[in-house]
Protein chains: 4
Amino acid sequence: MTTDHRNEPENHRTRVGKQRRERTRQKIVEAALRVFARMGTDSPMIEDFIAEASISRGTFYNHFNTTAELLQATVEWLSADIMESIETELGTQDNALLRLTVGLRFWLGKAEQDPTWAAFVARPEFIKELQFEPVRRDLRQGQQAGLFHFPSEHVAFDLLAGTLILAMRSYVDGQVPADYTNAIIRVVLQGLGVSEANINLALAQPQPSMRRPPVSMPSC
Amino acid sequence: MTTDHRNEPENHRTRVGKQRRERTRQKIVEAALRVFARMGTDSPMIEDFIAEASISRGTFYNHFNTTAELLQATVEWLSADIMESIETELGTQDNALLRLTVGLRFWLGKAEQDPTWAAFVARPEFIKELQFEPVRRDLRQGQQAGLFHFPSEHVAFDLLAGTLILAMRSYVDGQVPADYTNAIIRVVLQGLGVSEANINLALAQPQPSMRRPPVSMPSC
Amino acid sequence: MTTDHRNEPENHRTRVGKQRRERTRQKIVEAALRVFARMGTDSPMIEDFIAEASISRGTFYNHFNTTAELLQATVEWLSADIMESIETELGTQDNALLRLTVGLRFWLGKAEQDPTWAAFVARPEFIKELQFEPVRRDLRQGQQAGLFHFPSEHVAFDLLAGTLILAMRSYVDGQVPADYTNAIIRVVLQGLGVSEANINLALAQPQPSMRRPPVSMPSC
Amino acid sequence: MTTDHRNEPENHRTRVGKQRRERTRQKIVEAALRVFARMGTDSPMIEDFIAEASISRGTFYNHFNTTAELLQATVEWLSADIMESIETELGTQDNALLRLTVGLRFWLGKAEQDPTWAAFVARPEFIKELQFEPVRRDLRQGQQAGLFHFPSEHVAFDLLAGTLILAMRSYVDGQVPADYTNAIIRVVLQGLGVSEANINLALAQPQPSMRRPPVSMPSC
DNA sequence: AATGAATGAGGATTCATTCAT
DNA sequence: GATGAATGAATCCTCATTCAT
């Protein structure tokens with residue numbers, strides 16, 4: 001029943017240290033997203049990351065060895081973050097068509113609201129790297145349910161993702177016509193072989209709330 | 001009108017010199033395409049270009065001052081080359097639907113045949129830089145002719161170009177299912193609002209010949 | 001003379017603390033020997049020492065301020081250790097020739113048994129740093145006794161120590177011929193001007209026991 | 001029979017370029033020897049080499065990728081240089097004993113004359129790396145001729161080279177007694193089993209001239 | 001026009017040292 | 001006394017650019 005008091009503070013120290021380390025890492029990743037969004041994935045130098053994260057050179061290298069490693073970590077964090085946001089948005093919705101519609105609206109809404117973020121995520125490498133399993137599942141289910149009509153899941157995904165990328169970049173470039181989001185959703189659904197009636201039904205859905213603040217803004 | 005015979009050999013030398021210069025420049029540009037395709041547009045250094053083109057540093061700078069300038073020249077050459085190829089392919093065809101179908105088939109066929117070329121071309125920056133006026137014109141004409149049904153030309157172009165980019169990258173990544181090209185054309189035409197009957201008609205068209213050799217192969 | 005009982009537990013704690021401190025210090029020094037043997041005296045970084053000793057950076061600095069200080073401590077420990085071992089080996093032997101022979105055999109035997117140790121010890125800086133007073137005394141006494149014939153003690157020491165260093169490194173490099181130790185002793189004694197008869201006598205001595213375990217093996 | 005005049009200047013350019021490159025490389029190596037001699041093999045930084053050689057950082061890296069590579073090149077050059085000097089010294093002498101004596105005198109004379117040079121070469125790694133084939137050949141021939149008596153060539157070399165190293169370091173440390181060189185040669189020859197009479201004969205040889213300037217002095 | 005050795009500013013990386021827990 | 005995350009000065013290394021031949 002007695003506790004070795006020499007050990008207790010050690011465990012505590014260890015735990016506190018790990019927490020600090022983890023917080024620093026997260027700070028770097030969030031700063032990196034802003035830097036990548038602002039400068040692209042090739043231009044930024046270590047200096048940019050450490051200035052944005054307010055850390056020292058040494059600390060950067062304690063956590064990441066190369067810019068590529070940091071980019072990878074940033075993509076992974078962002079991906080988890082996006083997926084979680086969409087799942088929250090979707091709640092218990094289980095109709096594949098409506099799920100996809102909400103998802104598309106989320107991405108486009110976010111691109112409109114936070115173009116720097118969009119400039120970062122709207123690249124084929126990024127979109128292909130994340131495999132978007134939930135999206136693929138919705139495509140399969142919708143096809144089986146007779147809501148969609150396309151030759152193969154592969155083709156359907158390329159249509160959906162490719163159009164989404166260029167659409168998000170249209171927001172980045174500015175100058176999108178009114179009601180652009182609905183128009184994009186309409187042609188994508190057409191492309192997936194959704195009937196006119198179902199398209200109108202899907203577009204009549206209430207819009208997602210988009211409460212979360214842009215991630216690409218400095219949090220201070 | 002009289003000829004100074006001291007000038008004649010100079011004119012000759014001048015002409016020969018210009019031809020040689022032009023040949024060197026073209027050699028650099030073609031090598032650059034392979035390098036950009038392999039390494040992206042940011043990573044390659046001067047060293048990569050001169051090694052691929054088998055020229056010296058000095059010669060490189062005789063033709064281009066920066067990597068960006070070389071990239072620009074590469075894009076321009078490629079763009080002119082593509083457009084010319086497609087126009088040759090199209091001949092006098094004036095049906096917007098059939099023109100677009102042939103165009104799509106050309107891009108995808110070329111991607112299949114020459115993935116290195118596709119790896120360079122299939123990026124949003126590139127596709128957005130070329131404004132593809134002929135494509136936009138076909139979209140407008142097809143819409144007016146009642147062949148297409150989409151909310152706006154802007155949206156139609158994003159669907160067409162975005163899907164094309166990801167489809168070409170699918171060829172780059174390898175592992176595309178059989179009949180992938182036809183499947184892509186089908187969903188794109190669906191997305192543009194083409195009727196089932198017209199889609200089948202367009203897909204029944206004879207295929208373009210694709211005689212030209214891959215540009216991304218070293219010519220030696 | 002009275003005892004303050006408030007002090008007693010402190011004395012105990014103090015004593016225990018000092019023992020613990022001493023054990024940690026010794027652990028660092030033994031680890032350092034292995035590191036120096038493996039990497040030389042200039043290359044290793046703090047990281048190498050703390051990894052080998054399984055301690056933290058902070059602990060290292062609690063005991064040593066610089067790498068040079070640690071090297072010094074390692075040399076001193078090793079030196080005392082060697083001298084003590086040889087004295088044990090020699091017992092009460094007082095014939096200079098036999099003492100030197102036993103000493104040489106000890107060094108070479110240890111080099112054969114523990115090449116890591118030898119890799120560290122067999123360097124001129126180390127050998128010159130230890131002044132080997134007992135060895136020099138034996139050289140003088142043997143010379144006076146007419147056993148040795150050399151021009152000066154300085155020269156005799158350079159011959160003895162230089163040959164020993166390269167011989168030990170031969171063990172480090174592996175691939176020594178059979179009976180290498182005896183051969184080395186023979187040429188060294190020849191060099192010191194010992195008569196053929198006395199050399200044979202010295203080589204006929206019983207061998208030292210070499211009971212002690214290699215110091216360069218991790219003790220855990 | 002006609003010459004393509006476009007090629008001639010190219011060949012000339014190429015040749016001139018290569019010569020310049022080679023001269024630069026040699027300049028770096030000679031500077032490196034002075035730096036290594038002055039600072040040891042671990043302390044010097046790139047800055048030291050380029051300052052001593054009066055070249056730019058970039059040029060350094062055009063020729064050597066690491067300090068270790070430069071050290072290697074320096075050792076190789078030095079080794080060739082020493083061997084050549086000794087061969088010049090020896091002329092047509094073919095008596096193994098006299099050859100070895102001249103060689104020892106050369107090394108020790110050079111160490112006395114140029115201690116910085118000696119500080120660099122007098123290290124076991126260096127001496128063991130060069131295999132000194134001519135020296136080993138002399139040892140074998142002398143043994144066969146009955147001039148030497150030692151148990152094995154391996155042992156004889158370790159005696160010779162080990163004693164030489166410590167002797168050279170004695171010059172580096174200063175404070176060597178008068179006639180130290182002859183004393184060293186005497187004990188080494190004793191160690192190799194040369195008879196008293198032959199030793200005296202060898203020591204009576206005329207001394208080498210040592211005309212060449214110290215290599216470790218800046219040549220400007 | 002072509003060549004390639006040399007340059008050095010700009011940026012990447014290391015590692016001894018500190019210090020809050 | 002022990003811990004290890006954080007620090008930043010010191011040093012390494014790259015690569016666009018120049019220029020004599």
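Remember, predicted model here, so these are calculated numbers, not experimental data.
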Phe49(B) versus Thr67(B), closest heavy-atom pair with distance: CE1-CG2, 3.9 Å
Proximal nucleotide (of dT11(F), dT14(E), dT7(E)) relative to the Met45(D) side chain: dT11(F)
Value in whole Å for how far the P atom of dT11(F) lies from OH of Tyr61(D): 13 Å
Complement of dA9(E), any strand, by Watson-Crick or G-U distances under 3.5 angstrom: dT14(F)
Position toward the 5' end of DNA chain F (nearest nucleotide), Arg21(C) or Ser54(A): Arg21(C)
Side-chain N or O of Ser56(C) closer than 4.0 Å to phosphate OP1/OP2 of dT3(F): yes
Spacing of Ile28(C) atom CD1 relative to dT3(F) atom C1', expressed in whole Å: 13 Å
Distance-minimising heavy-atom pair for Ala37(C) and Ala119(C): O-CB, 3.8 Å
Side-chain donor/acceptor contact of Asn62(D) with base of dA5(E) under 3.5 Å: no
Nearest-angstrom distance from the residue atom NZ of Lys18(D) to P of dA20(F): 23 Å
Polar side chain donor-acceptor pair, Gln26(D) to Glu22(D), under 3.5 angstrom: no
No-hydrogen, no-angle side-chain donor-acceptor test under 3.5 Å, Gln72(C) and Glu76(C): yes
dA5(F) OP1/OP2 closer than 4.0 Å to side-chain N/O of His63(A): no
Opposite nucleotide pairing with dT14(E), Watson-Crick or G-U, both atom distances under 3.5 Å: dA9(F)
Sugar-phosphate, base or nothing in reach of Thr24(B), heavy atoms under 4.0 Å: sugar-phosphate
Touch class at under 4.0 angstrom, heavy-atom based, for Asp48(C) against every strand present: nothing
Considering all heavy atoms, the nearest Ala53(D)-Lys27(D) contact: O-CE, 3.5 Å
Sugar-phosphate only, base, or nothing, as touched by Arg57(A) at under 4.0 Å among non-hydrogen atoms: base
Along DNA chain E (nearest heavy atom to each residue), the more 5'-positioned of Arg23(D) and Thr66(C): Arg23(D)
Residue met sooner reading DNA chain E from 5', once Phe60(B) and Gly58(C) are mapped to nucleotides: Phe60(B)
Pair partner, dA20(E) [Watson-Crick or wobble, under 3.5 Å]: dT3(F)
Thr59(A) side-chain proximity, nearest of dA6(F), dA12(E), dC15(F): dA6(F)
